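This report concerns only the one structure given below.
Every value quoted in this text rests on a predicted model; they were computed, and no experiment measured them. Along the sequence shown, the residues carry numbers beginning at 1.
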Amino acid sequence: MAQSKVVLLASLLLVGTSAQETLSTVETLATQAATNFVYVPSTTVTGAISTGAGSSTSLRTSTYWSALNGMGISQSAFTLAPCALRSPHIHQRASGILYASDGLIHYQYNPRCTNATYTISYGSELPGTQVVTEGLLALPADAVAAALGINASSVALLNLQVPTNRFVGGVAECVARCSNSSNPLSTAGK
């Protein structure tokens, strides 16, 4: 019975792959203990969980969840606080289900007055994340100034004002709307 569950899981995860790849993955999965398929977010491994602005993400990569070893996939599970924004970013080594391709700049925004929870699956074991503002501001100030058409002192000011967290709270229109609603900025998950 346990082996049939592993085969079913493998079949569902590998739709569209070749028969040889599916067989190889099923054989790999069959050697894993059943407990490996239960994901428990690690709070002791640096990078496994990140938080900020009332939001959090838990990485589900082969580093943190051994059931994913050799499968070429990973996930991130998110809780995005009311009115919060996940900073514009790219995944340099993966495509995700919520967007078209690796390297595409994208962000997530919760326009609701309650928490939003979601999971993103990636076509890579280690998708990587590069926040656009962090990458831009890591360049020499003169290059940033020229690219944005501003002076170097404006770049210095921008460096001081850009959030250092991947989650940004308080999109103004949403905060105003939620503050005036009958359900102001609830953190109860939905």
Could you tell me which residues satisfy side-chain hydrogen bond (donor to acceptor under 3.5 Å, both in side chains) with [X], sequence neighbours excluded, listed by chain and number?
X      : result
Thr164 : none
Thr79  : none
Thr133 : none
Asn165 : none

Can you tell me how far apart [atom1] ([X]) and [atom2] ([Y]) are? Round to the nearest 0.5 Å.
X      : Y      : atom1 : atom2 : result
Leu68  : Arg60  : CG    : CZ    : 9.5 Å
Gln108 : Phe78  : CD    : CZ    : 6.0 Å
Ser74  : Ile120 : OG    : CD1   : 10.0 Å
Glu134 : Ser87  : CD    : OG    : 7.5 Å

Check: Between Asp142 and Ala146, is there a donor-acceptor pair closer than 3.5 Å when you use the side chain of the first and the backbone of the second?
Finding: no
Next item on the list: Keeping to residues at least two apart or across chains, list the side-chain hydrogen bond (donor to acceptor under 3.5 Å, both in side chains) pairs with something in residues 151-160.
Entry: Asn151-Ser153, Asn151-Ser154
Test side-chain contact (heavy atoms from CB on, under 4.5 Å) applied to [X] - qualifying residues, sequence neighbours left out:
X      : value
Leu160 : none
Ser55  : Leu80, Ala81, Ala84, Phe167
Glu125 : Ser62

Check: Taking side chain as C-beta onward, heavy atoms only, is Tyr107 less than 4.5 Å from Leu85?
Finding: yes
Check: Can you find a heavy atom in the side chain of Ser124 that is under 4.5 Å from one in the side chain of Arg93?
Finding: yes
Note to self: So that I can confirm a possible disulfide, could you see if the SG-SG distance for Cys174 and Cys113 falls below 2.5 Å?
What the structure shows: no
Next item on the list: Apply side chain to side chain contact (heavy atoms under 4.5 Å, CB included) to His89 and His106, showing your working.
Entry: CA-CA 6 Å; His89 59 280; His106 60 282; 3.1 Å; yes
Check: Can you pull the salt bridge (Lys or Arg N to Asp or Glu O under 4.0 Å) pairs that have at least one residue in residues 158-175, sequence neighbours excluded?
Finding: Glu173-Arg177
Next item on the list: Could you work out the complete set of other residues in the hydrophobic cluster of Ile150, with links drawn between I, L, V, M, F, W and Y side chains under 4.5 Å apart?
Entry: Leu136, Leu137, Leu139, Val144, Leu148, Val155, Leu158, Val162
Margin query: Suppose we call two aromatic rings close when their centres sit under 6.0 Å apart. Are His91 and Tyr122 close by that rule?
Written below: yes
Note to self: Looking at Tyr109, I want to see if its OH is surrounded by more than 12 non-hydrogen atoms of other residues, nucleotides or ligands under 6.0 Å.
What the structure shows: yes
